[in-house]
Amino acid sequence: MELLKCQNVSKHYQEGNTTVEVLNNVSFQINRAEQVAILGSSGSGKSTLLHLLGALDTPTSGEVLFENNNIFSFNENQQAQFRNRSLGFVYQFHHLLPEFTAIENVAMPLMIGKLAKPEALEKAASMLKRVGLTHRESHKPSEMSGGERQRVAIARALVTEPALVLADEPTGNLDQKTGQSIYALINEFRETTNTSFIVVTHDTALAERLDRILHIVDGKLTEQSNKP
């Protein structure tokens with residue numbers, strides 16, 4: 001079943017008299033519980049596309065439909081609710097709040113969504129258990145390893161049970177073994193919650209383990225390859 005559809009999306013910037021084309025007429029779709037990798041060199045437009053899919057930026061032209069709703073027809077409050085309730089975000093550098101503990105970081109999206117703090121912390125504790133970090137609940141990011149911080153970031157992205165997770169280089173700063181554990185987590189949540197994942201990555205080993213690969217070259221979607 002189709003979850004998200006990107007239709008003829010372009011993104012241009014104006015720098016003086018020069019038009020900089022970042023994305024050009026990109027179209028694809030993703031289904032529920034599907035894992036899609038986006039591969040491309042630095043500057044190819046991968047991260048810009050991810051920002052558009054998450055309604056963190058607006059396209060010059062084109063539409064992004066989520067459950068058949070154009071996310072750019074939403075007002076500012078509706079877009080904020082869409083990001084909080086339907087999306088999870090995972091970044092290369094985790095973006096955890098340094099002054100808060102692991103459990104507080106994971107609970108943050110729930111509390112932003114107006115869930116009472118005791119219930120939010122209970123759900124956060126359950127999610128940390130699922131990623132194997134119960135023993136780190138009260139630790140701050142500076143007291144954890146890179147792999148542990150990334151697992152906390154994944155727990156935070158998934159605690160709201162989103163339909164779609166957007167991940168930007170989730171294994172970019174991790175060793176191979178830790179990167180493989182991150183893939184195992186992604187796969188587990190797909191299997192147990194039907195969560196879809198769009199993963200921007202340079203990690204071809206990770207990309208090849210996902211369901212489908214989109215190749216972005218100079219802002220254009222040049223190829224869609226599927227696993228056999």
Do [X] and [Y] pair up side chain to side chain, a donor and an acceptor below 3.5 Å, judged on atom types alone?
X      : Y      : result
Ser47  : Asp168 : yes
Glu34  : Ser196 : no
Thr195 : Arg32  : no
Thr101 : Glu104 : yes

Query - Pair Val165-Phe89, side chain to side chain contact (heavy atoms under 4.5 Å, CB included): steps then yes or no - result: CA-CA 6 Å; Val165 171; Phe89 295 89; over 6 Å; no
Going only through I, L, V, M, F, W and Y residues with side-chain contacts under 4.5 Å, is there a path from [X] to [Y]?
X      : Y      : result
Leu65  : Phe28  : no
Ile30  : Phe72  : yes
Leu56  : Leu166 : yes
Phe74  : Leu52  : yes
Phe100 : Ile112 : yes

**Report entry** Evaluation steps, side chain to side chain contact (heavy atoms under 4.5 Å, CB included), between Phe82 and Leu87
**Finding:** CA-CA 7 Å; Phe82 161 66; Leu87 300 182; 3.6 Å; yes
Report task. Show your reasoning for whether side chain to side chain contact (heavy atoms under 4.5 Å, CB included) applies to His215 and Leu221. Result -> CA-CA 6 Å; His215 297 269; Leu221 187 66; 5.8 Å; no
About how many Å separate [atom2] of [Y] and [atom1] of [X], when rounded to the nearest 0.5 Å?
X      : Y      : atom1 : atom2 : answer
Arg156 : Ile103 : CZ    : CD1   : 14.5 Å
Leu128 : Glu148 : CG    : CD    : 11.0 Å
Ile213 : Ile38  : CD1   : CD1   : 11.5 Å
Lys5   : Asn31  : NZ    : CG    : 11.0 Å
Leu97  : Lys140 : CG    : NZ    : 11.5 Å
Thr201 : Glu208 : OG1   : CD    : 11.0 Å

Report summary line: side chain to side chain donor-acceptor pair (under 3.5 Å) with Lys11: of Asp57, Thr60, Asn24, only one passes, and it is Asp57
Say whether, by atom type as modelled, one donor and one acceptor occur between the side chain of [X] and the main chain of [Y] under 3.5 angstrom.
X      : Y     : answer
Ser73  : Asn70 : yes
Asn75  : Asn77 : yes
Arg212 : Val36 : no
Ser10  : Asn25 : yes

Please find the pair of heavy atoms, one from [X] and one from [Y], that lie closest to each other, and give the distance.
X      : Y      : answer
Val90  : Ala153 : CG2-O, 4.3 Å
Leu23  : Thr48  : CD1-CG2, 4.0 Å
Leu96  : Pro141 : CB-CG, 3.8 Å
Ala102 : Arg136 : CB-O, 3.3 Å
Cys6   : Leu49  : SG-CD1, 4.2 Å

Report task. Please assess Ile198 against Leu50 for the test side chain to side chain contact (heavy atoms under 4.5 Å, CB included), listing each intermediate value before the final yes or no. Result -> CA-CA 8 Å; Ile198 297 178; Leu50 211 63; 3.9 Å; yes
Query raised in the report: Side-chain contact, heavy-atom cut-off 4.5 Å: Thr160 with Ser86?
Result: no
Requested in this report: Not counting sequence neighbours, list each pair that qualifies as a side-chain hydrogen bond (donor to acceptor under 3.5 Å, both in side chains) and has a residue in residues 105-119.
Outcome: none
